[in-house]
Protein chains: 2
Amino acid sequence: MAAQGADAVRVERLAEALGVTKGSFYWHFKDRNALLEALLEAWQMQATYAIIDQVEANGGDCRARLTTLFTIVARVDGRLDRAIRTWAEQDPSARNALDQVDSRRLAYLETLFLGMGFSLPAANARARLVYHALIGQFTMGPAVAHGARLSESLDIILPMLIREG
Amino acid sequence: MAAQGADAVRVERLAEALGVTKGSFYWHFKDRNALLEALLEAWQMQATYAIIDQVEANGGDCRARLTTLFTIVARVDGRLDRAIRTWAEQDPSARNALDQVDSRRLAYLETLFLGMGFSLPAANARARLVYHALIGQFTMGPAVAHGARLSESLDIILPMLIREG
DNA sequence: CATTATCAATACGGTAGCGTATGGAATTGA
DNA sequence: TCAATTCCATACGCTACCGTATTGATAATG
């Protein structure tokens, strides 16, 4: 899934990789689609909180949390997220799950900026800019060389985002 | 291609859609891969300059050009770009073409910020932030509702990006 | 007018994948 | 112990593709 996308999740390949036959697969899952739905649900549970929880656990004020967020995201392997996002262009269930995750994350970013004292519109615009940028970095994936990740120009980016305006 | 990704570009489907048989297809193209390579090359030519040229044609100073850029990108249909980006995760040729396009676009953004008097590191950080954000908006595609596009909070975002610091 | 180039149809063999039917082994529980 | 449940294998039919070989049909050209 992460390596080659949802399309590459094939019953027979999977069975072979596990050293069983597909006769077995169809005992555990109704069909291929049931497997994909299960994967999707597992991802959604994990993706919603994984990063946010890490940031919260790390503590600090809102500015510190934002720094933590950039740093964590720069290290995260975005392949699974990317695969789901691609998948969501075709599949309504995936679309739905992804939309929920996006909303949750955006809302979190917004609270960070609100916590710095920004007005709702200002916080919202900043949250969207940052989230879009992070998604962009995810999307471009390995193409974003080290030294070119957002987290590595935080000394420039953060003051920009945080300054009152 | 734009609607369902490179995977959905199938010889027989294409032939049927055109009202011919695949016997004909194989006269025009050596094989499916040759078609994809041709598509890729056409895209690269178009994608490199399409938007930049519009912005330049519109004129104005660097700040005005940046505004124009956001506005145009908000209207653009990013599906083909998205399809290529997805494809590039699997295919080296696509990866290569995409990397070139990304570099070209990033370089253009950088010149805009340099033109505003920013230092190279400052311009570079801003260019990357903006480009990542635009890619993010592209990637999220139709999920980014009207009213939530970057171009619609330019009154907040632009001053942030442009302020000296 | 004959020939050649261009474009398309038909027909074939091959692979990857889905899902079903059915039988067999191992485990568990009354 | 013996029947039910659980897990897996084998074998099958079916579809969507790929690519090739061959044979027209029409248009351009010497």
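A, B, ... follow the sequence lines: proteins, then strands. Residue 1 opens every chain.
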Undergrad: Who passes side chain to side chain donor-acceptor pair (under 3.5 Å) against A/S119, sequence neighbours left out?
TA: none
Undergrad: Looking at side-chain heavy atoms only, is the closest gap between B/L35 and B/L14 below 4.5 Å?
TA: yes
Undergrad: Students should find this one: the first and last nucleotides of DNA chain C, 5' to 3', lying under 4.0 Å from a heavy atom of chain A. What are they?
TA: C/dG17 to C/dT20
Undergrad: Just by protein heavy atoms under 4.0 Å, how would nucleotides 6-11 of chain D read 5' to 3' in B, S and -?
TA: SBSBB-
Undergrad: With sequence neighbours left out, what residues match A/Q46 under side chain to side chain contact (heavy atoms under 4.5 Å, CB included)?
TA: A/W43, A/A50
Undergrad: With sequence neighbours left out, write down each residue that passes side chain to side chain donor-acceptor pair (under 3.5 Å) with B/R95, or none if nothing qualifies.
TA: B/D99
Undergrad: With DNA chain C as reference, determine whether A/K30 or A/R13 sits nearer its 5' end, using the nearest nucleotide of each.
TA: A/R13
Undergrad: Take the protein atom CG of B/N33 and the nucleotide atom P of D/dC18, then report the distance between them rounded to whole Å.
TA: 11 Å
Undergrad: If the condition is side chain to side chain donor-acceptor pair (under 3.5 Å), which residues does B/E16 pass it with, not counting sequence neighbours?
TA: none
Undergrad: Once you round it to whole Å, what is the distance between C1' of D/dT15 and CD of B/E16?
TA: 14 Å
Undergrad: Restricting to side chain to side chain contact (heavy atoms under 4.5 Å, CB included), what partner residues turn up for B/A8, sequence neighbours left out?
TA: B/Q4, B/R13
Undergrad: Checking A/T86 now: which residues fulfil side chain to side chain donor-acceptor pair (under 3.5 Å) with it, not counting sequence neighbours?
TA: none
Undergrad: Quick one: which protein N/O atoms are closer than 3.5 Å to N/O atoms of nucleotides 22-24 of chain D? Pair and distance per line, please.
TA:
none

Undergrad: Of all residues at least two apart in sequence or in a different chain, which pass the side chain to side chain contact (heavy atoms under 4.5 Å, CB included) check with B/D31?
TA: B/Y26, B/N33, B/A34
Undergrad: Could you state the atom-to-atom distance from CZ of B/R32 to P of D/dA16 in whole Å?
TA: 16 Å
Undergrad: How would you list, by chain and number, every residue that makes a side chain to side chain contact (heavy atoms under 4.5 Å, CB included) with B/D53, sequence neighbours excluded?
TA: B/Y49
Undergrad: Show which residues join B/L120 in its hydrophobic cluster (side-chain heavy-atom contacts under 4.5 Å, direct or indirect), or state none.
TA: B/L114
